[in-house]
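The figures here come from the full heavy-atom set of this structure, side chains too, leaving out hydrogens, waters and symmetry mates. Whatever order the structure lists ligands and atoms in, that order sets their numbers, starting from 1.
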Amino acid sequence: MSLKDSINKDLLPSHIAIIMDGNGRWAKEKGEDRLFGHFHGVESVRANVEGCAELGVQYLTLYAFSTENWDRPEYEVKGLMELLVDTIRKEVPTLNKNNIKLHVIGDISMLPGNAQNELAEAINETSANTGLNLIMALSYSSKWEIQQALKQIVTEAADGRLTPGDVTQETFKNYLATKNFPDPELMIRTSGEHRISNFLLYQLAYAELYFTDVRWPDFRKENLYEAIIDFQNRERRFGKTSDQVQAQ
Ligand code: IPE
Ligand code: IPE
Ligand code: MG
């Protein structure tokens, strides 16, 4: 039986989040420039998006560029932004063909104007699609997200539109960039780093974490299937005992 066939369709994570890490090291190991790694990383994005869409995963969030990544060398940031604009432009027909709806979370105002325009167009052109929701985290960090949520809450409170009693876990969620999406059930990080790097800190509260040494440009469909199968073999207890969970 192939890996894909051994996935239990009834136990699919509805939301997978991925920290796509290791492009730079992958390139360096080949004696190439870091941008060569980012370029090949796009192939893995394609493969994983297609893999999730084929399986019927509902939400896929990809961490593509963090707030902290703005501090990288100028040529790398510039190269990544050009790759982003170019990729979005080229991928829209494929997204539409596969019924994929594009979303973006992050401080988009930091992106160059042409990237903002391409993104807005792609979001608009895929907005009627009803299959996989592909969420790109761009210029994103959790600390930025929580800060802007608090700013909105304080503003509304100062205007008298919000009282302390209005703030519940349900209403708080509405101030986050992820307000329209369920929390990820599975978080994958490639390339051997065992950290979260300012990614969805609040939303990953109960996610299953999966770490692999495979570098992002090498992480393809079979690797995704392995991660999902690993997820399916875990017992998610949400604070309860194993006996309680099994009795359910
Ligand atoms: C991930 O790969 C892509 C981005 C952060 C944009 P890296 O560029 O972080 O690759 P490494 O970690 O240096 O190998
Ligand atoms: C996290 O990777 C951000 C993205 C994958 C976009 P980094 O490579 O920037 O993370 P650190 O700096 O090693 O924690
Ligand atoms: Mg990295």
Side-chain angles (χ1 to χ4, degrees), residues 15-49 51-52 59-88 90-91 102-112 114-116 118-119 134-148 176-178 181 184 186-204 207 209-220 223-224 227:
H15 187 170
I16 299 177
I18 308 183
I19 301 179
M20 309 183 290
D21 198 18
N23 293 351
R25 279 164 282 174
W26 184 89
K28 212 172 163 193
E29 284 154 10
K30 295 187 153 39
E32 298 281 353
D33 184 81
R34 295 178 57 83
L35 286 176
F36 182 75
H38 296 315
F39 189 74
H40 281 270
V42 174
E43 279 305 313
S44 291
V45 170
R46 273 195 202 102
N48 281 275
V49 168
C52 283
Y59 299 87
L60 172 66
T61 299
L62 297 178
Y63 202 10
F65 194 85
S66 72
T67 306
E68 288 75 21
N69 289 149
W70 288 115
D71 294 332
R72 290 197 175 185
E74 202 183 317
Y75 99 95
E76 183 171 345
V77 171
K78 196 166 166 278
L80 275 166
M81 290 301 141
E82 281 167 11
L83 187 61
L84 174 73
V85 172
D86 195 49
T87 306
I88 295 167
K90 284 193 190 135
E91 290 305 311
L102 181 70
H103 309 262
V104 176
I105 55 171
D107 187 1
I108 299 309
S109 67
M110 295 276 290
L111 297 175
N114 60 341
Q116 290 188 40
E118 286 295 336
L119 275 171
L134 171 62
I135 303 147
M136 298 300 297
L138 285 171
S139 189
Y140 172 88
S141 73
S142 275
K143 290 191 177 183
W144 163 82
E145 181 184 38
I146 292 168
Q147 180 192 9
Q148 62 82 31
L176 297 173
T178 53
F181 319 124
L186 169 62
M187 196 288 285
I188 299 170
R189 182 171 188 149
T190 60
S191 206
E193 253 39 272
H194 294 185
R195 56 178 171 261
I196 304 290
S197 301
N198 221 344
F199 185 46
L200 303 174
L201 299 182
Y202 186 80
Q203 297 86 340
L204 291 177
L209 307 181
Y210 179 88
F211 298 101
T212 169
D213 288 340
V214 176
R215 310 245 185 263
W216 178 251
D218 288 330
F219 192 90
R220 299 296 167 95
N223 307 89
L224 172 73

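The side chain of His38, and not its backbone, has at least one atom closer than 4.0 Å to an atom of ligand 1 (non-hydrogen atoms only; side chain from C-beta on).
Trp216 and Ser191 form no side-chain donor-acceptor contact under 3.5 Å, judged by distance and modelled atom types alone.
Within the protein, the N, O or S atoms sitting under 2.8 Å from the Mg ion (ligand 3) are Asp21 OD1.
Taking each heavy atom of Trp70 and Ser139 in turn, the nearest pair found is NE1-OG, 2.9 Å. Between Asn69 and Ser66, the closest heavy-atom pair is OD1-N, 2.8 Å. Smallest separation of non-hydrogen atoms from Leu204 and Ile196: CD1-CG2, 4.0 Å. Scanning both residues, Leu138 and Ala64, for their nearest heavy atoms gives CD2-CB, 3.8 Å.
The shortest separation from a heavy atom of Arg215 to ligand 1 is not under 4.0 Å, leaving the residue out of contact.
Counting only distance, with no hydrogens or angles, the side chain of Glu118 and the backbone of Val85 share no donor-acceptor pair below 3.5 Å. No donor-acceptor pair closer than 3.5 Å links the side chain of Asn48 to the backbone N or O of Leu224.
Between Leu176 and Gln203 there is a side-chain heavy-atom pair separated by less than 4.5 Å.
The environment of Phe39 atom CZ is sparse: at most 12 non-hydrogen atoms of other residues, nucleotides or ligands sit within 6.0 angstrom.
Protein residues having at least one heavy atom under 4.0 Å from any atom of ligand 2 are Ile19, Met20, Asp21, Tyr63, Ala64, Phe65, Ser66, Asn69, Arg72, Arg189, Arg195, Ser197, listed by chain and number.
A salt bridge links Lys78 with Glu82: the distance from a Lys NZ or Arg NE/NH1/NH2 to an Asp or Glu carboxylate oxygen falls below 4.0 Å.
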